[in-house]
Enquirer: 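Handing you a structure now.
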Amino acid sequence: MKIVFMGTPAFAVPSLQMLVKEGYEIVAVVTQPDRPQGRKKTLTPSPVKEAAIALGLPVLQPERLRRPESVAELAAYEPDLIVTAAYGQILPKTVLELPQYGCVNVHGSLLPKYRGGAPIQRCIINGEKLTGVTLMYMAEGLDTGDMISRVEVPIGEEDTSGILFEKLSLAGCELLKTEMPRLAAGRVQATPQDDSEATYAPNLTREDERIDWSAGSQDIYNRIRGLVPFSGAFTLWNGETFKVWAAHKPAADGGGSGAVPGTVIEVSGSGVKVKTGDGSLSLTTVQPAGKKAMTAADFSRGAAMKPGTVLG
């Protein structure tokens, strides 16, 4: 069986490595083009590309998979099965129809919940306690294909998106490993999704990263950890971006009675305590504009931020 693997971030790497280790024939790996990263905008390959090169596999990086020349290049490999995991582009019908055993996707949610491009981050931001991975056949709709199998993964109270990405990456790898023999034999019995239960997880925007201090402490805490280690949550201090990378779990104590949400109550080595809509939240890792992320202890030693400052 000839398999084409499609993926881009680190989430997909364990699945690719597993397929090779288990002896499946990977004829090509498709991933996103190298992108500029960092202040110097250095072109950087995706984690999947790096893994594929290390495994000695041919790599394709079409800018747009739906272009006729991209489809033709892919068709030349005559895949029997396409396996995707966080590839980052929607597969057109011309690609979906290429392999005789179809296209399957390792999706980081319990479908039909959280269809879309940011299911892991949105689960945490929304305060979910449980998520998982769904192995599904791909269809023309957004994550609407029939489900092959699912596995549940609990979300810890202190899990960030980075931690959950790793958990789901490994869970997805094991799920795919379990189902591959049936996929290869064409003996899969898939289950249609119930569209009435569908929810969506669109890609994050700048507004999703902005902290609304009038929200509850738990909601703000969930937003902060849901954006780590990627973009990070932010507020404004003196009109400039002030990023927040970590906070203590919300405690029962409120503090700042009578203060408006966003008011800094205390700046100390243990945290920058800020008034929220229903209490307070202590920020433990912050990043002022133009500086690197730092602990609250380091920030408090030279901070111009004083109690009574209003973040907005």
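Quantities reported herein were computed from a predicted structural model and do not represent experimental measurements. Just the heavy atoms: all of them, side chains too, but no hydrogens, waters or symmetry mates, feed the values below.
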Enquirer: Salt bridge between R225 and E158, side-chain N to carboxylate O under 4.0 Å?
Expert: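 Salt bridge between R225 and E158, a charged N being under 4.0 Å from a carboxylate O: no.
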
Enquirer: With no hydrogens and no angle check, is any side-chain donor or acceptor of Q287 less than 3.5 Å from a backbone partner on K291?
Expert: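 Such a contact is found between Q287 side chain and K291 backbone.
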
Enquirer: Between F230 and F165, is the ring centroid distance below 6.0 Å?
Expert: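 Ring centres of F165 and F230 closer than 6.0 Å.
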
Enquirer: Return a table of donor-acceptor pairs under 3.5 angstrom between the side chains of residues 72-82 and protein atoms on other chains or two or more places apart.
Expert:
residue: D80; atom: OD2; partner: K2; partner atom: N; Å: 2.7

Enquirer: Could you check, using the six-membered ring where one of them is a Trp, whether Y101 and Y137 have ring centers closer than 6.0 angstrom?
Expert: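 Ring-ring flag for Y101/Y137: false, centres at least 6.0 Å apart.
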
Enquirer: Assess whether a salt bridge exists between D212 and R223, defined as any Lys/Arg side-chain N lying under 4.0 Å from an Asp/Glu carboxylate O.
Expert: no

Enquirer: Does any donor atom in the side chain of S231 or E209 lie under 3.5 Å from an acceptor atom in the other side chain?
Expert: yes

Enquirer: With distance as the sole criterion, is a donor-acceptor pair present between the side chains of W237 and T309 under 3.5 Å?
Expert: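 No - no donor-acceptor pair under 3.5 Å links their side chains.
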
Enquirer: Identify which one of V83, L135, I3 satisfies the side chain to side chain contact (heavy atoms under 4.5 Å, CB included) criterion when paired with L183.
Expert: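 So, applying the side chain to side chain contact (heavy atoms under 4.5 Å, CB included) to L183 and each of V83, L135, I3, only L135 qualifies.
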
Enquirer: Would you check if E174 and L176 make a side-chain contact, meaning some heavy-atom pair closer than 4.5 Å?
Expert: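 No, their side chains stay 4.5 Å or more apart.
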
Enquirer: Does T199 use its side chain to pair, donor to acceptor, with the backbone of Y114 at less than 3.5 Å?
Expert: yes

Enquirer: Any chance CD1 of I90 has more than 12 other-residue heavy atoms, nucleotides or ligands included, within less than 6.0 Å?
Expert: no

Enquirer: Charged N to carboxylate O under 4.0 angstrom, D195 versus R115?
Expert: yes

Enquirer: Mind checking whether M18 and V30 sit in one hydrophobic cluster, side chains of I, L, V, M, F, W, Y counted as touching below 4.5 Å?
Expert: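 Different clusters: M18 never reaches V30 through Ile, Leu, Val, Met, Phe, Trp or Tyr contacts under 4.5 Å.
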
Enquirer: Between D208 (side chain) and T205 (backbone), is there a donor-acceptor pair under 3.5 Å?
Expert: yes

Enquirer: Do M294 and P288 come close enough that some side-chain heavy atom pair is under 4.5 Å?
Expert: yes

Enquirer: Is the shortest side-chain heavy-atom distance between P47 and F11 below 4.5 Å?
Expert: no

Enquirer: Filter on side chain to side chain donor-acceptor pair (under 3.5 Å), then keep only pairs touching residues 51-64, sequence neighbours left out; what's left?
Expert: D34-Q61, R35-E63, K49-Q61

Enquirer: Is the closest side-chain donor-acceptor distance between S46 and T8 under 3.5 Å?
Expert: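 On atom types as modelled, these side chains do not qualify, holding no pair under 3.5 Å.
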
Enquirer: Going from CZ on R182 to CD1 on I148, what distance comes out if it is rounded to the nearest 0.5 angstrom?
Expert: 10.0 Å

Enquirer: Under the 4.5 Å side-chain heavy-atom rule for ILVMFWY, direct or indirect, which residues accompany I125?
Expert: L204, L227

Enquirer: Would you indicate whether the side-chain heavy atoms of E128 and T131 approach each other to under 4.5 Å?
Expert: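 No; the side chains remain at least 4.5 Å from each other.
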
Enquirer: Does a side-chain heavy-atom distance below 4.5 Å link L311 with M305?
Expert: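 Side chain of L311 against side chain of M305, heavy atoms only: contact under 4.5 Å found.
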
Enquirer: Does any non-hydrogen side-chain atom of I211 lie less than 4.5 Å from one of I220?
Expert: yes

Enquirer: Contact between L98 and V4 at the side-chain level, heavy atoms closer than 4.5 Å - yes or no?
Expert: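 No, their side chains stay 4.5 Å or more apart.
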
Enquirer: Under the 3.5 angstrom rule, does the side chain of T263 hit a backbone N or O of A259 as a donor-acceptor pair?
Expert: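 Side chain of T263 to backbone of A259, a donor-acceptor pair under 3.5 Å: no, none is there.
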
Enquirer: If the threshold is 4.0 Å, N to carboxylate O, is there a salt bridge linking K113 and E197?
Expert: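 So K113 does not pair with E197 through a salt bridge.
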
Enquirer: How long is the gap from OG on S282 to OH on Y221, to the nearest 0.5 Å?
Expert: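 Here the rounded value is 11.5 Å.
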
Enquirer: Between V95 and M6, is any pair of side-chain heavy atoms under 4.5 Å apart?
Expert: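 Yes - at least one pair of side-chain heavy atoms lies under 4.5 Å apart.
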
Enquirer: Please check: side-chain N/O of T44 versus main-chain N/O of P36, any donor-acceptor pairing under 3.5 Å?
Expert: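 No, because the side chain of T44 does not come within donor-acceptor range (under 3.5 Å) of the backbone of P36.
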
Enquirer: Taking the side chain from D219 and the backbone from A215, do they hold a donor-acceptor pair closer than 3.5 Å?
Expert: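 No; judged by distance alone, with no hydrogens or angles, the pair does not exist.
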
Enquirer: Yes or no on side chain to side chain contact (heavy atoms under 4.5 Å, CB included) for L91 and T84, after CA distance, side-chain angles and deciding distance?
Expert: CA-CA 10 Å; L91 273 58; T84 75; 4.2 Å; yes

Enquirer: Would you say that more than 12 heavy atoms from the other residues, nucleotides or ligands in this model lie under 6.0 Å from the CD of E69, or not?
Expert: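 Enclosed.
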
Enquirer: Rounded to the nearest 0.5 Å, what separation is found between the OH atom of Y87 and the CD atom of Q32?
Expert: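 Reported value, rounded in 0.5 Å steps: 5.0 Å.
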
Enquirer: Between SG of C123 and CG of L164, what distance do you get to the nearest 0.5 Å?
Expert: 7.0 Å

Enquirer: Check this for me: E166, atom CD, are more than 12 non-hydrogen atoms of other residues, nucleotides or ligands nearer than 6.0 Å?
Expert: no

